[in-house]
Amino acid sequence: MRSATFPAALAGLLLLTACGTEQAGGGPSGPSATAAGCAARPGDGSTEDGVTVTGMGESAAPGAPVGQTDPCAEYTVTSAETAPFTYTIAFSFLTESGQAMTTVKETVPAVGPGKTVRRTVTAADVPPDAAAGGRFKVLTVRSVPTAEAPSASGPCPPSGVRVYADDGDSAMGLRVVGLHLENCGTAPYELNGYPRIGLADEDHAPVDSVRLLQGGERIAGATGMEGPARPLVLAPGERAYSGLVWRNTVEAGDPVNAPYARVWAKPGAAPVMVTPELDLGTTGKLGIGPWKKDGTR
């Protein structure tokens, strides 16, 4: 199990190399996907939660040696929501024989209601013999309201704090995902107790069948998410962490999966929706750690 002081930034599955993008409702902001070769041959046309791979090919990264290319794909994201949503898509790059070579995660921000946005994705450092004839497959699509999207960096939100989840840790059926808060504003920020958590399923419907327990020790010890809760004051630039602790044990009954968690840092705070991918099995409970300053246990 990792220590209680979690990393300050989210770890991506793979750094992405864009081969041309298009802004929502606008024209290309770089070399077009077709010119870069990412739509040289048709995609399979299958759609997963509004994401369709429309073309595949190869592209050369800026500064790459002549003749060196990486497999890439053109895809579209179509929103059926009634407000702007931010999408995080995990792609798997498969060889021609179907062997998975790598996973690539990409975020498409602020897709408007009923809008379709075109993007491209690249899988870097795939051996040429594996890249030839390969294809991209959509693994998962996660979407959150743009107004509630988590932020680990970039402009400070109007709330004056950034809230986000890390990639978590697992061991022997025990899961721990850290929740992180940074005071990026100009005034002190007070915390006292536990974040409020609301769970949601793949369709963003509330999951009310899970008991939310204050204190990670209610699930397991030595996770760094133990109590007691103490009042904190974060000066500008200071950080705090909490976390979610659960087991994915499956016994009698139907397992519960809740990809999304809406987080309120304290009463009256603006909510942030994170994607901890809670595979709760049939345990029916989730432990929530108290807020602690970074560097403390």
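- For Thr82, the side chain to side chain contact (heavy atoms under 4.5 Å, CB included) criterion is met by no residue, not counting sequence neighbours.
- Under a 3.5 Å cut-off, the side chain of Glu238 and the backbone N or O of Ala235 do form a donor-acceptor pair.
- Under the ring pair (Phe, Tyr, Trp, His ring centres under 6.0 Å) criterion, the residue pairs touching residues 88-113 are Tyr75-Phe91, Phe93-Phe136, with sequence neighbours excluded.
- Applying the side-chain hydrogen bond (donor to acceptor under 3.5 Å, both in side chains) test to Thr76 and every residue at least two apart in sequence or in another chain returns nothing.
- Qualifying side-chain hydrogen bond (donor to acceptor under 3.5 Å, both in side chains) partners for Glu217, counting only residues two or more places apart in sequence or in other chains: none.
- Applying the side chain to side chain contact (heavy atoms under 4.5 Å, CB included) criterion to Ser153, with sequence neighbours excluded, gives no partner residue.
- Between the side chain of Arg162 and the backbone N or O of Gly154 there is at least one donor-acceptor pair closer than 3.5 Å.
- Counting only residues at least two apart or in different chains, disulfide bond (SG atoms under 2.5 Å apart) contacts with residues 206-236 are absent.
- Taking Thr52 as the reference, Thr47 meet the side-chain hydrogen bond (donor to acceptor under 3.5 Å, both in side chains) condition, with sequence neighbours excluded.
- Evaluation of the ring pair (Phe, Tyr, Trp, His ring centres under 6.0 Å) test over residues 243-283, restricted to residues two or more places apart or in two chains, returns His204-Tyr260.
- When the salt bridge (charged side-chain N to carboxylate O under 4.0 Å, His left out) test is applied to Glu96, no partner is found at least two apart in sequence or on another chain.
- Of the possible donor and acceptor atoms, none in the side chain of Thr122 sits under 3.5 Å from a partner among the backbone N and O of Ala124.
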Would you sort out whether Tyr164 and His180 count as a ring-ring contact (aromatic ring centres under 6.0 Å, His included), showing the intermediate values? CA-CA 5 Å; Tyr164 60 95; His180 303 270; 5.2 Å; yes
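- Note on residues 132-170: pairs passing disulfide bond (SG atoms under 2.5 Å apart), not counting sequence neighbours, are Cys156-Cys184.
- Atom CZ of Arg247 is separated from atom CG of Leu280 by 12.5 Å, given to the nearest 0.5 angstrom.
- There is no side-chain donor-acceptor pair under 3.5 Å between Glu251 and Thr282.
- Judged as a side chain to side chain contact (heavy atoms under 4.5 Å, CB included), and not counting sequence neighbours, the contacts of Leu213 are Arg211, Arg218, Ile219, Lys285.
- Legend: residues meeting side-chain hydrogen bond (donor to acceptor under 3.5 Å, both in side chains) with Thr146, ordered by chain and number and at least two apart, are Thr86.
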